[in-house]
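Notes follow once the structure below has been shown.
As the structure lists them, so they are numbered: ligands from 1, and atoms in each ligand from 1.
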Amino acid sequence: MFEEEKERYLKKHGFEASCLKAVLFDMDGVLFDSMPNHAYAWSHSVSRFGLHMTPEEAYMHEGRTGGGTINLLAQRYWGRDATEEEKQAIYKAKSELFNQCPEAPQMPGAYALLKKVNADGFTPMVVTGSGQVCLIDRLEHNFPGIFRKELMVTSFDVKYGKPNPEPYLMGMQKAGIRPWEGIVVENAPLGVQAGTAANLFTIAVNTCSLPDQVLLDAGADLLFPSMQALCDNWEEVRNTFSPTASRTGNRENASSDL
Ligand code: CA
């Protein structure tokens, strides 16, 4: 059980109890092993414009809008913001390279976890900064019957990227839940920041070999080394945040005893 982590979270946010209803999943690096493709596309596209980005830096800045990421590099190498034209040209080059990459595979453990979440009666949702139409369409193909399109939050929905809490606030709004009724699953520091800033219990899965401390410093309430590890521990997570979910059968028996 993860009582200690839950208690620390409730105390930090001034909530009385948790009552899990929905699990909000980030997409890149959580549901799909797509970060190597993103890192490759970023580093090779920006170099054409005299900028430099390592794969690790791509992981660190994952979740930021494309324009925001380009501006960080422009500030560092050019000492100024990128113009709109530059942002568009660089992001176009990045997208073209990304689209030439082989299709990112499902993250090991992701589908098994989604099926558990669904079977337990919780709502699985996607909250992503990505606007890659092909990736979003691939959700239904890869994880059939899991996600409801009207509950998805993508870059088309939001104005600010992560680490702003906006994407998760919008996810909560779409699902009609309050912070203590949801859990976030994120792989990147900025995503973790967005989840905790929305006052949601935020689980980090370290799928990109970042130092664990980077994700803990970002505010992760709980950390697993992989999606498979989270899947293997799901029952414990569920029982911690929704004590009644695991005992529905027993509760029915108990009431008939009264
Ligand atoms: Ca991610």
Query - K149 bridged to E140 by N-O distance under 4.0 Å - result: no
**Report entry** Polar side chain donor-acceptor pair, H44 to K94, under 3.5 angstrom
**Finding:** no
Query - Contacts of type ring-ring contact (aromatic ring centres under 6.0 Å, His included), residue F201, not counting sequence neighbours - result: Y9, F241
Query raised in the report: Parallel, tilted or perpendicular: which fits the ring planes of F25 and F147, with parallel below 30° and perpendicular above 60°?
Result: perpendicular
Query raised in the report: Taking only protein atoms, how many N, O or S atoms are found under 3.0 Å from the Ca ion (ligand 1)?
Result: 4
Query raised in the report: Are R80 and E86 ion-paired here, with the side-chain N under 4.0 Å from a carboxylate O?
Result: yes
Query raised in the report: Should the pair K174-E150 be classified as a salt bridge under the 4.0 Å nitrogen-to-oxygen rule?
Result: no
